[in-house]
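The block underneath contains the structure these notes are about, expressed in structure tokens.
We count ligands from 1, going down the list as the structure has it; atoms in each ligand are counted the same way. Numbering of residues begins at 1 and proceeds along the displayed sequence.
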Amino acid sequence: MIINKLGKNIGILIIIVALIAMGILSASAAPEKIIIGTSADWPPFEWIDANNNFVGFDMDLMKIIAKIQGYEIEIQDIGFDSLIPALQSDRIDLMAAGATLTEERLEVADASNTYWSGSQGVMVTEESELNIATALIGGKSVGAQRGTTQADWLEENLVQADVNIKLELYETNDLGIMDLVNGRIDVFVADTPAAEAFVKNNPIKIVGTINTEEEYVFYVQKGDPKEILPVINEGLAKVQQSPIWDNLVNAYFMGDLNKISDCYAEFGDLLDKDLEAFAHNLSKCMMAD
Ligand code: ARG
């Protein structure tokens, strides 16, 4: 009897193993670990705080969605223009970098649902007399981060149209902002949410906007071979339907970004224990007077 039953179970086991081997049965599609690439030079979406934490709206979204959906993440800081190549060469599984949805990128990568939007802010130094028109003509040196939509916009609409600007491309936004502050370039262009963060902490101002109305997405490899997109989109929807979303928005878009290191030191541990409490406390801490 016992031997018989055992034999039957082993028989079933063999069939199941065969089905798995044939790819007819598969374990849960959700990946166990996702390697995320970012360009951590872009507050309020991604930067590195005084204690070496990846912080920002994208970074917290990625950490929170991973917890909700049950997988591990590893975050790598890579130059923005190397992120799509890193996806293509399988160095990273996902790009979280305030990346705009574009036709060109969709040819080589797949995109999640959109989660934010912005246009392009044109920045000059506080004492500069340039305005949105004079900033973009007349022999001015104009900077942008390499590989971004603003670099493309300046190239396509000004350089290729023979408008007399000198386009300076930077590996990171930090380097571009530094050159603007030091007077090495006249103008720097970055997405409006980031530009608004940069002007708060530097002697620079926004003189106008290029109304490109861009949608931000997370990119994965073309064809999504690791089946990441459904997991991300579902997680994103769950966050958006919870109080976590508004608290993250408040923390990073209304709060004082200079408080991030202190607030993260105090509440960052909650990311492992209680996501709603984390977002609630973070927004309270960042928005405190
Ligand atoms: N939205 C722009 C783009 O997709 C710029 C993004 C820059 N992001 C960053 N983390 N530096 O090209």
Side-chain angles (χ1 to χ4, degrees), residues 35-49 53-63 73 75-88 91-123 142-159 167-180 187-199 201-202 204 206 209-220 248 252-253 257 260:
I35 300 179
I36 295 172
T38 193
S39 174
D41 60 347
W42 211 62
F45 291 86
E46 45 260 342
W47 76 106
I48 294 173
D49 78 358
N53 297 306
F54 283 104
V55 294
F57 191 70
D58 283 340
M59 299 294 96
D60 281 354
L61 260 184
M62 287 294 99
K63 293 176 198 175
I73 56 169
I75 301 175
Q76 293 188 7
D77 186 18
I78 300 174
F80 189 82
D81 64 327
S82 302
L83 286 167
I84 293 274
L87 268 184
Q88 290 176 295
R91 251 187 83 199
I92 59 170
D93 303 315
L94 182 146
M95 166 177 181
T100 301
L101 186 63
T102 70
E103 295 288 325
E104 298 77 44
R105 289 175 186 160
L106 283 179
E107 275 167 26
V108 294
D110 281 6
S112 72
N113 293 338
T114 65
Y115 64 93
W116 203 260
S117 60
S119 282
Q120 298 179 12
V122 179
M123 292 165 272
V142 182
Q145 185 176 31
R146 188 173 292 118
T148 59
T149 47
Q150 33 282 156
D152 287 349
W153 191 93
L154 293 165
E155 175 71 36
E156 282 159 23
N157 294 280
L158 302 183
V159 176
L167 184 56
E168 296 280 357
L169 298 180
Y170 293 90
E171 182 66 13
T172 66
N173 281 285
D174 302 327
L175 292 173
I177 295 290
M178 206 151 67
D179 267 11
L180 178 65
V187 184
F188 189 76
V189 185
D191 297 56
T192 41
E196 280 155 23
F198 290 133
V199 299
N201 280 321
N202 294 283
I204 58 178
I206 299 175
T209 310
I210 307 170
N211 292 317
T212 45
E213 288 171 20
E214 301 172 36
E215 302 282 354
Y216 303 155
V217 294
F218 302 113
Y219 283 104
V220 298
L248 283 187
Y252 286 112
F253 294 98
L257 301 183
I260 193 69

Any heavy atom of N173 under 4.0 Å from ligand 1? The part involved is side chain
Relative to the heavy atoms of A99, which atoms of ligand 1 are at a distance of less than 4.0 Å? 4 (O)
Any N or O on T148 sitting closer than 3.5 Å to an N or O of ligand 1? no
Within the distance-only criterion (no hydrogens, no angle test), does the side chain of D41 pair as donor or acceptor with the backbone N or O of N173 below 3.5 angstrom? yes
Would T100 count as a polar contact of ligand 1, with the cut-off being nitrogen or oxygen pairs under 3.5 Å? yes
In this structure, which one of T100, D191, D58, T114 forms a side chain to side chain donor-acceptor pair (under 3.5 Å) with Y216? D191
What part of D41, side chain from CB on, backbone N/CA/C/O, both or neither, has a heavy atom under 4.0 Å from ligand 1? side chain
Below 4.0 angstrom from a heavy atom of Q150, which ligand 1 atoms are there? Numbered from 1 as shown, please. 2 (C), 5 (C)
Closest non-hydrogen atom pair between A97 and S39, with its separation: CB-N, 4.1 Å
Anything under 30° is parallel, anything over 60° is perpendicular, the rest tilted; go ahead and classify W116 against F253. parallel
Side-chain touch D174/W47, heavy atoms, less than 4.5 angstrom: no
Quick note on ligand 1: atoms under 4.0 Å from a heavy atom of Q145 include exactly 7 (C), 9 (C), 11 (N)
If you scan protein heavy atoms around atom 9 (C) of ligand 1, the nearest is W42 CG, 3.4 Å
Measuring from R105:CZ to L87:CG, what's the distance to the nearest 0.5 Å? 11.0 Å
Treating T192 as the side-chain partner and G118 as the backbone partner, does any N or O pair qualify as donor plus acceptor under 3.5 Å? no
Just jot down the ligand 1 atoms closer than 4.0 angstrom to any heavy atom of T149, in number order. 1 (N), 2 (C), 3 (C), 12 (O)
Would you mind reporting whether L175 and E168 have side-chain heavy atoms less than 4.5 Å apart? no
Would you check the N or O atoms of R105, main chain and side chain alike, for any that come under 3.5 Å of an N or O of ligand 1? yes
Would A97 count as a polar contact of ligand 1, with the cut-off being nitrogen or oxygen pairs under 3.5 Å? yes
Indicate the ring-plane relationship of Y115 and F218, choosing parallel, tilted or perpendicular according to the 30° and 60° boundaries. parallel
If we set the cut-off at 4.0 Å for heavy atoms, which region of D191 has an atom near ligand 1: side chain, backbone, both, or neither? side chain
Do any nitrogen or oxygen atoms of F80 lie less than 3.5 angstrom from nitrogen or oxygen atoms of ligand 1? no
